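Structure record follows, encoded as structure tokens.
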Amino acid sequence: MKVIDSYLDGGKEIRWKSLGSRRIKDRVAFALSYVVLGIMVIVLLSIFIYVLDSGASHIALKMLITTGNTATGGVLNAIVGTWELVGMGLLFSLPPSILGALYVVNSRSNGTVSMVARLFTDILTSVPSIVIGFFAFIVLVQRLNMGYSLVAGGLALAIMMLPYLMRIIEISFRNIPKEQIENAYALGADDIRVASRIYLPQAKVGMLSGTLLAVSIAAGETAQLLYSAGWNNGFASGFLHSGVGYLTYVVWNGINYPTTYSHYLAYVSAMILILSVTGLIAVSKYIGRRK
Amino acid sequence: MEEKNKVEKIIEIGSLRVETKSKVILDGVDLNIFKNNVNTIVGPSGSGKSTLLKALNRLLDLDQSMRISGDILFEKRNVRDIDPVELRRQVGLVFQKPNPFPMSVYDNVAFGLRVQGVKLKKEDMDRLVSQALGDADLFEELGGNLKQMGTSLSGGQQQRLCIARALVLGPKVLMFDEPTSALDPIAKGKIVDLIRALKQKFTVVLVTHDMGLTRKVSDYTNLIYEGKFIAKGTGAEFFESEMEEVKEFLSEAD
């Protein structure tokens with residue numbers, strides 16, 4: 001047979017590509033990816049350095065320990081408000097994400113329901129935040145009469161966090177070997193026991209790093225909060241009908257405000273945001289790697 | 001060995017058919033599992049052996065694409081009428097690949113009892129766990145260190161841990177799905193001895209395509225081929241069968 005012959009004579013009939021040209025292609029591809037990487041790092045670093053430098057050179061203790069609007073005083077209300085909103089968002093999004101992911105990975109679930117759930121979460125990730133904000137304003141703030149508030153803002157953030165969380169949690173569930181799940185059922189575990197003793201303990205690292213990622217994304221959101229959390233020069237006085245301050249608002253509004261001090265406040269807020277988000281991502285990476 | 005026709009049947013399978021939308025996996029299986037014997041099911045890969053085991057303890061319920069018809073009677077009761085948790089406690093399954101949970105040896109063995117909500121005093125739990133590990137011929141080897149991770153054991157030890165994990169529930173039937181295929185010859189030898197010892201207390205169902213293993217331990221051997229049962233017989237009968245399929249399978253398997 002011809003094919004076999006060509007193997008047997010040392011592949012003489014095959015036209016091998018010269019090693020030289022392969023090496024050149026290899027080098028070019030590598031060089032290109034380094035260039036692209038370099039551009040990304042430069043852009044990222046310049047934002048980072050600019051924000052840190054502008055923030056650090058204008059920071060004053062007063063800004064961190066007092067409350068106020070975006071022209072005078074400090075941003076303590078915005079720092080506290082940001083974490084209150086994010087915490088509220090997590091409270092509304094984490095439990096349904098876990099339950100949703102458990103439903104989707106369970107082999108006995110209704111396939112159509114799982115598919116629709118996945119479709120909706122995919123769509124939800126691509127809805128612009130301003131649309132979520134507008135929805136929150138009409139439905140939560142006005143119709144349900146929550147007013148600008150912690151709950152409305154938290155729900156608006158939760159709408160955005162839910163698809164991320166659910167996807168990441170689903171992925172960490174799917175990383176658990178299928179045989180282990182089957183084995184747990186074979187030993188007489190029911191769905192709830194399999195969830196509490198296999199899925200949740202084994203996926204906790206993935207769940208934690210996913211949560212930190214979702215938190216850091218949420219902490220940097222502005223648009224949906226403008227319409228749902230409003231603003232507050234002081235601390236929110238309750239869960240409903242009381243606006244909340246948040247750092248991204250100070251950045252957005254402070255820059256537009258025609259005083260130097262408000263610009264400084266904006267820089268400082270941006271710095272605090274970037275530092276905390278970077279810190280959170282670093283922690284989530286560290287936890288993820290330790291696994 | 002006592003006379004075959006007096007041996008009690010613990011599981012009776014009648015016209016069992018399992019199919020997915022695209023293919024028939026088991027096609028009209030009739031088979032009896034005899035109490036306190038090693039019942040072996042042999043056959044080439046993809047012939048539906050593992051599916052059969054999963055049908056026996058209703059693990060197939062987990063896969064919605066499977067359509068099951070026919071009857072499986074466990075102690076004269078249709079398995080459909082038995083709560084799956086209870087059924088799986090009485091009909092244990094040891095998988096092909098050893099897969100301990102990422103927890104301590106102790107917690108691995110205690111898992112089944114705990115998930116079934118069994119409340120035990122610490123010393124009773126300790127005793128059951130030690131006994132199961134002893135019955136699985138693992139207790140002494142571990143030197144009493146039950147706190148080490150199940151996943152840190154060797155492959156053969158992991159498989160015996162999985163056996164202990166199934167034993168602790170006190171099953172009436174213990175099913176093994178190619179328990180030795182992932183193990184080296186020494187680890188395999190231990191499992192062979194263990195299966196022989198276990199049939200004193202339990203009914204063993206063994207799925208394998210290892211004819212050496214079958215010769216060593218099997219009391220009743222059944223050949224399954226393309227989802228159908230072709231031949232069955234006691235240990236010696238089977239190997240001397242004149243049926244073409246059996247001869248062909250034996251010559252290829254050896």
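Since this is a predicted model, take the numbers as computed values, not measurements.
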- Counting only heavy atoms closer than 4.5 Å, note whether I181(A) contacts chain B via side chain, backbone, both or neither. neither

- Message: Can you confirm whether F239(A) is buried at CZ, in the sense that more than 12 heavy atoms of other residues, nucleotides or ligands lie under 6.0 Å from that atom?
- Response: no

Sort [X] into side chain, backbone, both or neither according to what part of it lies under 4.5 angstrom from a heavy atom of chain A.
X	value
L62(B)	both
N99(B)	both
R165(B)	both
P100(B)	backbone

- Kindly confirm or rule out a cation-pi arrangement of R193(A) over F111(B), judged by NZ or CZ under 6.0 Å from the six-membered ring centre and within 45° of its axis? no

- Message: Could you measure the distance from the CG atom of L59(B) to the OH atom of Y185(A)? Nearest 0.5 Å is fine.
- Response: 9.5 Å

- Note on the structure: In terms of heavy-atom contacts, A152(A) and S228(A) come closest through CB-O, 3.5 Å

- Message: For a salt bridge (charged side-chain N to carboxylate O under 4.0 Å, His left out) check, start with the C-alpha distance between K54(B) and D63(B), then their side-chain angles and the critical distance, and finish with the verdict.
- Response: CA-CA 10 Å; K54(B) 288 182 183 172; D63(B) 190 339; over 6 Å; no

- Top residue by heavy-atom pair count (under 4.5 Å) with chain B, among V194(A), D190(A), I198(A)? I198(A)

